[in-house]
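Basis for what follows: all heavy atoms, side chains included, without hydrogens, waters or symmetry-related copies. The model shown is predicted, which means the values in this text are computed figures rather than measured ones. Every number for a ligand or one of its atoms is a count from 1 in the order of the listing.
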Amino acid sequence: MKYTRIGIIGGGLMGREIASAFARWCALTDISVTPVLTAVADLNPQALEWFEKIPSCQLRTTDYHALLASPEVDVVYVAVPHDQHEKIYTDVLSAGKDLLAEKPFGMDLASAKRILKAVHESGRFVRCSSEMPFFPGALRAFEYAKSGALGRILEVVSGFHHSSDLDPTKPANWKRLSAKCGEGGALNDLGMHACHVPLRLGWTPQRLLAQLQKGYAQRPDGKGGSASCDTWDNALIHAWTNIAGHEVPLRLEMKRLAPGATNTWFVEMLGTDGGIRFSTAEPKTLWVFERAKEQWWKRTELGFGTQFKTVTGGIFEPGFADVIQQMWAAYLAEREGQLDGRFGCATPEEAVASHKIFAAALKSQRESAVTTVEP
Ligand SMILES: NC(=O)c1ccc[n+]([C@@H]2O[C@H](COP(=O)([O-])OP(=O)(O)OC[C@H]3O[C@@H](n4cnc5c(N)ncnc54)[C@H](O)[C@@H]3O)[C@@H](O)[C@H]2O)c1
């Protein structure tokens, strides 16, 4: 067994999620590399306290440069507000470490391109976090689309919905401020999740029309006052892509104001011969369309068919924590050259491609017009 030493910069929501995925790595049965969390950096000393319960995490620092200087760190995972992505990602690369970056991979397209340039110059192994395609149902949808079973593809929908912003009493955080989240707002926050599978299939939008909406302009600031919120909260992107010589409608949806949805990622692909639907609202269920003399939507309960095998029984259902772990297994296996044809993490190029879509969507909204996506 090989051990890879990981440092986390940003010990908030995602930093803790990743640390807990490592803590139950023994669940995986067919991977020859194990992550060991050796260091964490967070500006907030209280965020560091949680990491005291992880014995291997000996370095807990408020200065991420100390983490980058540590010889006990091989790979760095960075989960900080978007306005700090570029500076911290490029510092990680300059320190000679490999990187699993969080989405959206920079505040905007220009920033993402500068990060990509730094990635190429550094030669380090870099991927971008996007875990939802690691659900067994999502992987089956991806393989089904690749197989040609859809026939001529008629339309594709891919999206990510939340609903917590419907509550006007929810305090504002940095994700509702353009200065920290980026002008893209929900595009930056949820867009990579919606784009990952279509981009991996080569279904790159060529032009699009976007409809963006804002939610509450004021929210409690969590300290007894109120804060202004200025980000786009819902985005509907009606794009055209070219698949096998045909123009195909591709709709990308990113919503923070989606009644009833908690963390719902979904994909639907319809063709003349077949169709497939998967949503994390039904985490073990796959819907497959078949056209014969009669037409059928067939529902299958997939169970726990993850691409890296685990001790978890095959009939059990997967969840968010499982796909985070599967994504990390893919990252570490690919880093060792052992992905062996399995689905891999989003690449820096795919992250830049998602930013090209977001930039076109912002332009489309501004001009209320169909906009070309930068090739
Ligand atoms: N993949 C996913 O499903 C998913 C889900 C949520 C968030 N995210 C992404 O993860 C990143 C972080 O989001 P979050 O929800 O964990 O945010 P968060 O606010 O919960 O945590 C961010 C942490 O970063 C720390 N921080 C800020 N600046 C820092 C610096 N210079 N040095 C060290 N620490 C610093 C903060 O103190 C905070 O603890 C974002 O890029 C976000 O888009 C991804």
His196 and Phe142 aromatic centres sub-6.0 Å
no
the protein heavy atom lying closest to atom 21 (O) of ligand 1 turns out to be Gly12 CA, 3.4 Å
Q. Glu17: heavy atom below 4.0 Å from ligand 1, yes or no?
A. no
Atom 23 (C) of ligand 1 has as its nearest protein heavy atom Asp42 OD2, 3.6 Å
If you compare Val80, Leu43, Ile18 by their heavy atoms, the one closest to atom 40 (C) of ligand 1 turns out to be Val80
Near Ser129 (heavy-atom distance under 4.0 Å), the atoms of ligand 1 are 1 (N)
Ranked by distance from atom 20 (O) of ligand 1, the top protein heavy atom is Leu13 N, 3.0 Å
of all protein heavy atoms, closest to atom 28 (N) of ligand 1 is Gln84 NE2, 3.0 Å
When distances are taken from atom 22 (C) of ligand 1, the protein heavy atom at minimum range is Ala79 O, 3.5 Å
* Checking Asn188 side chain against Pro104 main chain: does a donor-acceptor pair fall under 3.5 Å? -> no
- Message: Over 60° means perpendicular and under 30° means parallel, so tell me whether His162 and Phe160 are parallel, tilted or perpendicular.
- Response: tilted
Determine, step by step, whether Glu247 and Arg207 satisfy the salt bridge (charged side-chain N to carboxylate O under 4.0 Å, His left out) criterion, reporting the C-alpha distance in whole Å, the side-chain angles of both residues, the deciding distance to 0.1 Å, and the verdict.
-> CA-CA 11 Å; Glu247 277 220 317; Arg207 60 189 204 286; 2.7 Å; yes
closest protein heavy atom to atom 1 (N) of ligand 1 is Glu131 OE1, 3.0 Å
**Prompt:** Would you say Ser70 and Thr38 make side-chain contact, with heavy atoms under 4.5 Å?
**Reply:** no
Note: heavy atom closest to atom 19 (O) of ligand 1, options Phe160, Trp174, Trp50, Tyr64, belongs to Trp174
Out of His193, Met327, Glu102, the nearest non-hydrogen contact to atom 44 (C) of ligand 1 is supplied by Glu102
Evaluate whether atom CZ of Arg342 has more than 12 neighbouring non-hydrogen atoms of other residues, nucleotides or ligands under 6.0 angstrom away.
yes
Nearest non-hydrogen protein atom to atom 27 (C) of ligand 1, with distance, is Pro81 CD, 3.5 Å
Out of Lys175, His65, Met14, His82, the nearest non-hydrogen contact to atom 15 (O) of ligand 1 is supplied by Lys175
Test salt bridge (charged side-chain N to carboxylate O under 4.0 Å, His left out), reference Arg176, set Asp230, Asp165, Asp221, Asp233, output is Asp165
Practice task
I would like to know whether Leu139 and Gln307 meet side chain to side chain contact (heavy atoms under 4.5 Å, CB included); could you show each step before the answer?
Solution key: CA-CA 8 Å; Leu139 290 170; Gln307 64 172 1; 4.0 Å; yes
Any heavy atom of Ser130 under 4.0 Å from ligand 1? The part involved is neither
For Thr280 and Asn263, run side chain to side chain contact (heavy atoms under 4.5 Å, CB included): C-alpha distance rounded to whole Å, both residues' side-chain angles, the deciding distance at 0.1 Å, then the answer.
-> CA-CA 8 Å; Thr280 60; Asn263 201 47; 5.8 Å; no
Per-atom filter on ligand 1: closer than 4.0 angstrom to a heavy atom of His85 are 41 (O)
Separation between OH (Tyr77) and CD1 (Ile18), nearest 0.5 Å, reads 4.0 Å
